[in-house]
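Residue numbers start from 1 in every chain, and the chains themselves are labelled A, B, ... in the order their sequence lines are given, proteins ahead of strands.
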Amino acid sequence: MTVRTRFAPSPTGYLHIGGARTALFAWAYARRHGGRFILRIEDTDVARSTPEAVQAILDGMQWLGLEHDEGPFYQMQRMPRYKEVIAQMLAAGTAYHCYTSPEELEAMREQQMARKEKPRYDGRWRPSLANEAGKALPAPPAGVAPVVRFRNPLDGTVAWDDAVKGRIEIGNVELDDFIIARADGTPTYNFCVVVDDWDMGITHVIRGDDHVNNTPRQINLLKALGAPVPVYGHLSMILGDDGQKLSKRRNSVAVTDYEARGYLPEAVLNYLARLGWSHGDDEVFSMEQFVQWFDLEHITSSAAQFNTEKLDWLNAQYIKSAAVARLAGDVARRLAKRGVDPEAGASLEHVVTLYQDRVTNLNELADAAEPFCIVVHPSEEMISTHLTDAARAALKVLRGKLAACAWEKAAIAAAMKETLTTCGLKMPQVAIPLRVTLLGQPQSPAIDAVLEVLGRNEVLARIDRYC
RNA sequence: GUCCCUAUCGUCUAGAGGCCUAGGACAAUACCCUUUCACGGUAUGAACCGGGGUUCGAAUCCCCGUGGGGACGCCA
């Protein structure tokens with residue numbers, strides 16, 4: 001049997017980082033087993049679903065490189081099918097009309113809560129079966145459009161072997177006859193999921209923890225429909241850096257935020273893979289490797305706290321080993337977005353080579369590259385502390401030597417050394433003022449390398465501006 | 001309130017009864033490298049939630065407690 005997994009987000013916002021991990025695991029499981037990965041957009045909540053959100057999800061998936069093999073399917077386009085199944089269930093008696101109003105339900109819940117019971121629909125419109133004791137149903141109120149409820153078993157238990165949590169068993173008494181179609185005829189979530197998973201031949205449902213409670217209902221529905229029950233694997237949730245539930249207010253939750261913050265998609269993927277899943281002591285690995293290793297057995301069943309510091313470290317690792325041309329291209333885009341002309345200064349590829357093993361993210365890389373492309377303005381304070389008379393004098397001497405020497409690192413370093421001897425200074429006494437002069441900041445990579453990359457004309461011009 | 005899930009260093013985790021005086025990674029601390037800042041290298045500190053069982057032996061199995069999370073919608 002071919003493995004078929006799916007990712008089924010509802011388009012009510014951006015692609016959430018927790019959703020991204022769910023997608024990653026479902027994708028990896030399909031890839032690992034030579035199966036198919038299906039993308040399904042659950043847009044039955046017309047009030048909250050937007051085309052922008054659909055696009056955001058598609059963009060997020062693409063940025064991460066999680067390609068689907070089938071879809072995207074849209075539930076709104078499957079309405080005829082849902083209606084067909086509902087009609088069948090009504091005819092078969094596995095579903096029935098219920099005329100209880102939302103207000104009545106609300107009152108029912110309040111009473112039950114007051115009695116410290118689990119709030120549930122009491123089954124007042126549930127018709128009795130031939131083999132059950134006869135029950136008189138109220139007369140349907142005139143002019144009220146009924147909802148359709150699923151006829152859930154009254155007793156017995158529903159159990160499944162969750163691929164990540166192990167066996168879970170729930171008594172049917174805990175469940176009620178949930179609504180599968182609203183008064184306006186549109187089907188609801190638990191119903192659509194079941195029909196879709198069935199129609200799409202989903203073999204493994206890998207989804208968030210928050211669906212554990214829906215699983216027994218869905219299994220009952222599947223059984224009533226005579227459909228096969230897939231394997232379920234429930235992933236625990238991701239907590240924010242602060243140990244609290246992820247919130248838009250306090251955390252970066254949209255995957256596009258991570259792109260904006262300068263993370264490489266492979267770093268995010270690698271980080272997410274290790275959040276709740278492990279392969280011994282392995283920390284840094286490619287997606288190819290991940291796909292070969294991935295299994296459901298090594299997923300942790302407890303919630304994981306997001307740790308930005310570790311993501312930062314991973315991102316730095318990936319930046320170190322990324323192709324220079326790719327990084328330069330990204331930095332150019334980031335600079336352009338800031339209004340800095342990336343063509344204005346030294347070769348970005350050379351600049352990237354200078355900085356790629358020193359930065360944590362692409363924004364830092366762009367920060368580092370920016371002074372190479374613009375006229376720098378060191379602060380007054382920086383000038384007064386570093387550009388002393390002695391320093392300026394030394395820079396003048398250095399300027400003379402730089403104007404004449406060959407333009408490569410060794411010759412530049414030699415010119416520096418000669419200047420130190422001539423002026424009786426130590427390296428930092430010249431190198432730091434020089435950094436301030438050239439880049440507007442007292443720290444930089446090896447100064448001879450910086451000079452080489454900046455270019456002779458630019459170096460001389462920048463020294464002249466302050467000496 | 002009811003039901004469900006969950007519990008190893010600050011964080012992510014390894015650990016499937018003896019290999020555990022509990023391993024790795026991030027972070028922290030110290031030192032080294034050094035032309036500044038980083039990178040890098042080396043080292044150090046740091047954990048089995050509590051209580052009962054089961055067993056010759058438990059981080060690993062069971063029960064209870066406690067903490068944390070989730071669900072209880074004509075949302076998904």
Parallel, tilted or perpendicular for [X] and [Y], by the 30°/60° rule?
{"X": "A:His279", "Y": "A:Trp293", "value": "parallel"}
{"X": "A:Tyr99", "Y": "A:His97", "value": "tilted"}
{"X": "A:Phe25", "Y": "A:Phe290", "value": "tilted"}

Answer with base, sugar-phosphate or nothing: what part of the nucleic acid does [X] contact at a heavy-atom distance below 4.0 Å?
{"X": "A:Lys116", "value": "sugar-phosphate"}
{"X": "A:Asp43", "value": "nothing"}
{"X": "A:Lys426", "value": "nothing"}
{"X": "A:Val147", "value": "base"}
{"X": "A:Pro445", "value": "base"}
{"X": "A:Thr100", "value": "base"}
{"X": "A:Thr186", "value": "nothing"}

On the side chain of [X], is there an atom forming a donor-acceptor pair with the base of [N] - under 3.5 Å, no angle test?
{"X": "A:Asp210", "N": "B:G70", "result": "no"}
{"X": "A:Lys165", "N": "B:C5", "result": "no"}
{"X": "A:Glu283", "N": "B:G24", "result": "yes"}

Determine: side-chain N/O of [X] to OP1/OP2 of [N], distance under 4.0 Å, yes or no.
{"X": "A:Lys245", "N": "B:G70", "result": "yes"}
{"X": "A:Ser236", "N": "B:G69", "result": "no"}
{"X": "A:Thr12", "N": "B:A76", "result": "no"}
{"X": "A:His234", "N": "B:C4", "result": "no"}
{"X": "A:Arg109", "N": "B:C74", "result": "yes"}

[X] has an atom [atom1]; how far is it from atom [atom2] of [N], in whole Å?
{"X": "A:Leu275", "N": "B:A25", "atom1": "CG", "atom2": "C1'", "answer": "13 Å"}
{"X": "A:Phe178", "N": "B:A76", "atom1": "CZ", "atom2": "P", "answer": "12 Å"}
{"X": "A:Leu175", "N": "B:U2", "atom1": "CG", "atom2": "P", "answer": "18 Å"}
{"X": "A:Leu314", "N": "B:A25", "atom1": "CG", "atom2": "P", "answer": "13 Å"}
{"X": "A:Asp177", "N": "B:G73", "atom1": "CG", "atom2": "P", "answer": "13 Å"}
{"X": "A:Glu174", "N": "B:C72", "atom1": "CD", "atom2": "P", "answer": "14 Å"}
{"X": "A:Gln112", "N": "B:C3", "atom1": "CD", "atom2": "P", "answer": "14 Å"}
{"X": "A:Glu106", "N": "B:C74", "atom1": "CD", "atom2": "C1'", "answer": "13 Å"}

Counting side-chain heavy atoms from CB outward, which of [options] is closest to [X]?
{"X": "A:Gln305", "options": "B:C4, B:U11, B:G1", "value": "B:U11"}
{"X": "A:Ile447", "options": "B:G24, B:G40, B:U35", "value": "B:U35"}
{"X": "A:Asn213", "options": "B:G40, B:A25, B:C3", "value": "B:C3"}
{"X": "A:Asp281", "options": "B:G24, B:A76, B:U36", "value": "B:G24"}
{"X": "A:Arg274", "options": "B:C4, B:C74, B:G24", "value": "B:G24"}
{"X": "A:Glu309", "options": "B:A76, B:C72, B:C26", "value": "B:C26"}
{"X": "A:Thr188", "options": "B:A76, B:U11, B:G40", "value": "B:A76"}
{"X": "A:Trp313", "options": "B:U2, B:C26, B:U35", "value": "B:C26"}
{"X": "A:Ala304", "options": "B:A76, B:A7, B:C12", "value": "B:C12"}
{"X": "A:Thr300", "options": "B:G40, B:U13, B:C72", "value": "B:U13"}

Below 4.0 angstrom, N of the basic side chain to O of the carboxylate: do [X] and [Y] qualify?
{"X": "A:Glu266", "Y": "A:Arg326", "value": "yes"}
{"X": "A:Lys417", "Y": "A:Asp448", "value": "no"}
{"X": "A:Asp199", "Y": "A:Arg78", "value": "yes"}

Study note, to complete from the structure: Given the 90°-from-0 boundary between syn and anti, B:C63 should be labelled anti
Practice item. Kindly state whether the ring of A:Phe191 and the ring of A:Phe178 have centres lying under 6.0 angstrom apart. Key: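 Between A:Phe191 and A:Phe178, the centre distance exceeds or equals 6.0 Å.
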Mind checking who [N] pairs with, Watson-Crick or G-U wobble, both distances under 3.5 Å?
{"N": "B:G17", "answer": "none"}
{"N": "B:C49", "answer": "B:G65"}
{"N": "B:C26", "answer": "B:G10"}
{"N": "B:C3", "answer": "B:G70"}
{"N": "B:G57", "answer": "none"}

Check your understanding: Under the 6.0 Å and 45° cation-pi test, does A:Arg149 pair with A:Tyr121?
Key -> yes
